Colleague: 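Right, I'll just put the structure down here and ask away after.
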There are 2 protein chains.
Amino acid sequence: MARKTGSHSEITGPKIRAEAQRLFARHGFAAVSMRQIAGAVGVQAGALYLYTPDKEALLFDLLKTHMDELIAAWHAEPGGGDAHARLERFVRFHIRFNLERAEAVFLSYMELRNLSPENFAVIEGLRKTYETELEAILKAGQDEGVFLIPDTKLATMAIIAMLTGVNTWFREGGRLSRATVADIYWDMVRKSVGA
Amino acid sequence: MARKTGSHSEITGPKIRAEAQRLFARHGFAAVSMRQIAGAVGVQAGALYLYTPDKEALLFDLLKTHMDELIAAWHAEPGGGDAHARLERFVRFHIRFNLERAEAVFLSYMELRNLSPENFAVIEGLRKTYETELEAILKAGQDEGVFLIPDTKLATMAIIAMLTGVNTWFREGGRLSRATVADIYWDMVRKSVGA
DNA sequence: ACGCTAACTGAACGGGCGTTCATTATCAAA
DNA sequence: TTTGATAATGAACGCCCGTTCAGTTAGCGT
């Protein structure tokens, strides 16, 4: 046996990334072997190296793609309005997007330390970019006089941590719907910035 | 060479736990070998098994001890007062305690999945116990009419996530002192529950 | 000074790791 | 139908893993 019938790189490539994401999120990067990933995909371990130079590059690809898509999705949201409206959109967007991609979010928080310093810096830069989007809203609200925030940098970190925390406990079909959760979190965020 | 000069289990035992915590926090449980831990302690790998039945038990011991100490430390805090005062004490306690033990906190959030189901349940139970302490305060404030919270369970998770988030960015000697950070977070928490 | 016990070594066990590569089967264009 | 490119195999490489254990030395009560 060598090449399989019906095999195509446009199928195997995404399949590898999907299975790697699933397994990394479930067991952790270091605890998952290339052979496990290959097994989940349905190929031998050697075949993975047609799609990635090494294991770390596979992780980096997942994290980078996620961060790029996060930022792109936020930019695709409707802009404009006052700081109050923009903050509400950010809160609802963040919760929605992160719940839709729980595995990728989990990965990008847990597995950063498995990246080389250069790759780590890239992801950190993208995260900073995203955080700056929220901080800009808070600053604008502060200038407009609709928010009362002692420190916008701190408020940024506090709000993001609070929102991202939803991923740790939310379960589909639980007591509350996504919409209700978003409503309540928005209520808390709104009040916390004094609006 | 066999037994080393000046060797005592009361010294080696804690040293192993300390080095394991440091290494697990830095590189992740799965990425750290027993030989690395032994090397950091200054013994051979086999010696570790005089102090732990296996690698996972070492991790569990660290997590369990941390959670026990967290809960004990909270119970040692002065009680009494109205919900407003108790919430402030909780916020300041959580930030202070977690910053004091950053490595243990990091571990107990990141490495839970490396525990067996039984051990996982134990740590989860202790976490739940701690969270319930906060929830009781929020409920009391709700009943007293000093808080305005749509859902106390959600508010509990939101506040804990927000507070624990401090650990991800706070650096000693940075722009803000611990005390200032605690002040600002308390301000945001207070407002978010409508007090 | 002796003997018991506690503390540790160092080698070994079987197994899994990430990665490479010669080889082979399939696909798609000519 | 031939042919070159593509997608995969499967064996092998050297290395490190968690764990065990017989043997050895240091500490210490008697």
Side-chain angles (χ1 to χ4, degrees), chain A residues 1-24 26-63 107 111 113-116 118-119, chain B residues 1-24 26-63 107 111 113-116 118-119:
Chain A
M1 255 203 291
R3 180 169 185 172
K4 297 183 158 181
T5 67
S7 68
H8 285 285
S9 61
E10 308 95 65
I11 294 173
T12 306
K15 217 166 162 184
I16 288 173
R17 285 185 284 275
E19 294 296 341
Q21 179 162 103
R22 196 178 60 84
L23 289 167
F24 287 164
R26 194 157 303 181
H27 308 292
F29 175 77
V32 173
S33 71
M34 294 299 264
R35 283 170 180 83
Q36 276 177 64
I37 298 169
V41 172
V43 295
Q44 293 299 315
L48 300 183
Y49 291 84
L50 294 168
Y51 300 90
T52 184
D54 52 47
K55 195 186 176 191
E56 195 215 303
L58 184 51
L59 174 63
F60 177 68
D61 181 54
L62 293 172
L63 299 192
L107 262 194
E111 305 297 351
R113 60 182 161 187
N114 291 297
L115 261 27
S116 70
E118 306 85 53
N119 285 345
Chain B
M1 252 200 295
R3 180 168 187 171
K4 296 184 158 181
T5 66
S7 69
H8 285 286
S9 61
E10 310 95 65
I11 295 173
T12 306
K15 217 167 163 185
I16 287 172
R17 285 185 286 275
E19 293 295 341
Q21 179 162 103
R22 196 177 60 85
L23 289 167
F24 287 163
R26 193 157 304 180
H27 308 290
F29 174 77
V32 173
S33 71
M34 294 300 265
R35 283 171 180 84
Q36 276 176 65
I37 298 169
V41 172
V43 296
Q44 293 300 311
L48 301 183
Y49 290 85
L50 294 168
Y51 299 91
T52 183
D54 52 48
K55 195 186 175 192
E56 196 216 301
L58 184 50
L59 174 63
F60 177 67
D61 180 54
L62 294 172
L63 300 192
L107 262 193
E111 305 297 351
R113 59 182 161 186
N114 292 297
L115 260 29
S116 70
E118 307 83 56
N119 285 345

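Given the structure is predicted, the values throughout are model-derived calculations rather than measurements. By convention in this document, chain letters (A, B, ...) are assigned in the order of the sequence lines, proteins followed by strands, and residues within each chain are numbered from 1.
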Colleague: Could you tell me whether B/Glu111 and A/Arg113 have a side-chain N and a carboxylate O separated by less than 4.0 Å?
Modeller: yes
Colleague: At their closest point, which heavy atom of B/Leu58 faces which heavy atom of B/Ala20, and how far apart are they?
Modeller: CD2-CB, 3.9 Å
Colleague: The test is side chain to side chain contact (heavy atoms under 4.5 Å, CB included); show your working for B/Leu50 and B/Thr12 and say whether it passes.
Modeller: CA-CA 10 Å; B/Leu50 294 168; B/Thr12 306; over 6 Å; no
Colleague: A/Ile11 has an atom CD1; how far is it from atom P of C/dC27, in whole Å?
Modeller: 11 Å
Colleague: A/Leu50 has an atom CG; how far is it from atom P of C/dT24, in whole Å?
Modeller: 17 Å
Colleague: Summarise how protein sits on nucleotides 12-19 of chain D as a single string, 5' to 3': B when a protein heavy atom is under 4.0 Å from the base, S for sugar-phosphate-only contact, - for no contact.
Modeller: B----BBB
Colleague: Check B/Arg17 against B/Leu62 and note the closest heavy-atom contact, atom names and distance.
Modeller: O-CD2, 3.5 Å
Colleague: Less than 4.0 angstrom between a side-chain N/O of A/Thr12 and OP1 or OP2 of D/dA8, yes or no?
Modeller: yes
Colleague: So, the side chain of B/Lys4 versus the backbone of B/Gly42: is there a donor-acceptor pair under 3.5 Å, distance only?
Modeller: yes
Colleague: In whole Å, I'd like the distance from the CD atom of B/Gln44 to the C1' atom of D/dT24.
Modeller: 14 Å
Colleague: Mind running side chain to side chain contact (heavy atoms under 4.5 Å, CB included) on A/Leu59 and A/Asn114 for me, showing each step along the way?
Modeller: CA-CA 8 Å; A/Leu59 174 63; A/Asn114 291 297; 3.8 Å; yes
Colleague: Roughly how many Å is it from OH in A/Tyr51 to P in C/dT19, rounded to a whole number?
Modeller: 17 Å
Colleague: Excluding sequence neighbours, so at least two apart, what forms side-chain contact (heavy atoms from CB on, under 4.5 Å) with A/Ala31?
Modeller: A/His27, B/Ala30
Colleague: Can you check the A/Glu10 CD to D/dT6 C1' distance for me, whole Å?
Modeller: 10 Å
Colleague: What is the separation between atom CG on B/Leu48 and atom C1' on D/dC21, rounded to the nearest whole Å?
Modeller: 15 Å
Colleague: Identify the two heavy atoms, one from B/Ser9 and one from B/Pro14, that lie closest to each other, and give their separation to 0.1 Å.
Modeller: O-CD, 3.8 Å
Colleague: Is there any ring pair (Phe, Tyr, Trp, His ring centres under 6.0 Å) pair reaching into residues 29-49 of chain A, and which pairs are they, with sequence neighbours excluded?
Modeller: A/Phe24-A/Phe29
Colleague: Polar atom pairs between nucleotides 27-30 of chain D and protein, under 3.5 Å, N or O only, would you list them?
Modeller:
| residue | atom | partner | partner atom | Å |
| --- | --- | --- | --- | --- |
| D/dG27 | OP1 | B/Gly6 | N | 2.5 |

Colleague: Could you tell me which non-hydrogen atom of B/Gly6 sits nearest to which non-hydrogen atom of B/Ile11, and how far apart they are?
Modeller: O-CD1, 4.4 Å
Colleague: So, using side-chain contact (heavy atoms from CB on, under 4.5 Å) as the criterion, who are the partners of A/Glu56 when residues are at least two apart?
Modeller: A/Asp54, A/Leu115, A/Ser116, A/Asn119
Colleague: Rounding to 10 degrees, work out the angle separating the end axes of the helix from C/dA1-D/dT30 to C/dA30-D/dT1 (five pairs an end).
Modeller: 10°
